[in-house]
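What you see is a predicted model, and the numbers here were worked out from it, not measured in a lab. In what follows, every chain begins at residue 1, and chains take the letters A, B, ... in the order their sequences are listed. What's counted below: heavy atoms across the whole structure, side chains too, no hydrogens, waters or symmetry copies.
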Amino acid sequence: ETGVTQTPRHLVMGMTNKKSLKCEQHLGHNAMYWYKQSAKKPLELMFVYSLEERVENNSVPSRFSPECPNSSHLFLHLHTLQPEDSALYLCASSQDRISTNSPLHFGNGTRLTVT
Amino acid sequence: AQTVTQSQPEMSVQEAETVTLSCTYDTSENNYYLFWYKQPPSRQMILVIRQEAYKQQNATENRFSVNFQKAAKSFSLKISDSQLGDTAMYFCAYLGISNYQLIWGAGTKLIIKP
């Protein structure tokens with residue numbers, strides 16, 4: 001059983017819709033991440049939260065809006081997306097943000113399709 | 001900027017065979033960490049093995065071992081006695097201690113055939 005849970009598993013949305021992806025970690029970790037995974041491309045880091053504070057935003061378009069209400073929960077709010085935003089969105093957590101002894105623990109991802 | 005290259009988009013071997021996945025990276029740092037992650041069809045990325053650049057000894061985890069060649073900037077993963085459950089995408093990743101950002105390769109799809 002994964003310590004990082006993502007919902008929904010699949011999501012199909014139109015370009016004018018507003019939806020949210022949810023991530024919950026049960027590991028007591030202090031850092032949480034959103035990654036975008038597209039076919040045949042390296043994982044792209046989108047956002048990083050450490051102790052509920054956003055510490056990294058890698059030039060992500062404003063149509064993606066993260067929210068971290070507490071150290072166990074992370075959301076990605078989506079609005080007016082484009083078809084090229086279709087991808088697998090992975091959530092991950094780690095004990096600390098900056099630690100070489102703190103491997104990432106991933107969820108199963110949300111497969112997003114924008115029509 | 002650091003980069004990670006996985007030159008094999010897809011590989012397939014018979015069950016019980018040994019397979020080696022290649023990974024090369026580019027960096028000007030002397031101290032860093034390298035990882036292999038596995039992503040099975042369930043989509044959950046799992047850490048397979050980890051290597052610290054200042055350690056000359058190659059890391060080993062059961063059937064998984066690495067061949068770390070620091071001068072050549074090469075970090076290959078060897079899977080011995082491959083099993084059907086090894087079928088997955090495998091990602092090589094680099095972590096430098098200057099900015100602690102994980103740099104990923106594009107992945108290799110490994111298929112183990114019965």
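- Atom CG of N70(A) sits in a crowded spot, with more than 12 heavy atoms from other residues, nucleotides or ligands closer than 6.0 Å.
- From L43(A), atom CG reaches atom CE of M45(B) across 4.5 Å, with rounding to the nearest 0.5 Å.
- Put simply, of E52(B), K109(B), Q101(B), the one with the most heavy-atom pairs under 4.5 Å next to chain A is Q101(B).
- When heavy atoms are compared at a cutoff of 4.5 Å, Q6(B) does not approach chain A at all.
- When all heavy atoms are compared, the tightest approach of R43(B) to R9(A) is NH2-O, 3.0 Å.
- Only the side chain of L88(A) has a heavy atom closer than 4.5 Å to any heavy atom of chain B.
- Y33(A) and L47(B) fall within the same hydrophobic cluster, defined by Ile, Leu, Val, Met, Phe, Trp and Tyr side-chain heavy atoms under 4.5 Å apart, directly or through other members.
- Enclosure of atom CD in E84(A) by more than 12 non-hydrogen atoms of other residues, nucleotides or ligands within 6.0 angstrom is indicated.
- Grouping the Ile, Leu, Val, Met, Phe, Trp and Tyr side chains by contacts below 4.5 angstrom, directly or via other members, places I46(B) apart from Y37(B).
- Neither the backbone nor the side chain of Y32(B) comes within contact range of chain A, judged by heavy atoms closer than 4.5 Å.
- With values rounded to the nearest 0.5 angstrom, L102(B) atom CG is found 5.0 Å from Y35(A) atom OH.
- Remark: the backbone N or O of P103(A) is not paired with any side-chain donor or acceptor of R50(B) at under 3.5 angstrom.
- Counting non-hydrogen atoms of neighbouring residues, nucleotides and ligands closer than 6.0 angstrom, the CD atom of Q82(A) exceeds 12 such neighbours.
- With a 6.0 Å radius and a threshold of 12 heavy atoms from other residues, nucleotides or ligands, Q14(B) has its CD atom above the threshold.
- In this structure, the portion of Q37(A) lying under 4.5 Å from any heavy atom of chain B is its side chain and not its backbone.
- Hydrophobic clustering of Ile, Leu, Val, Met, Phe, Trp and Tyr side chains at less than 4.5 Å, counting indirect connections, unites M46(A) with Y49(A).
- With a 4.5 Å cut-off on non-hydrogen atoms, L45(A) touches chain B through its side chain but not through its backbone.
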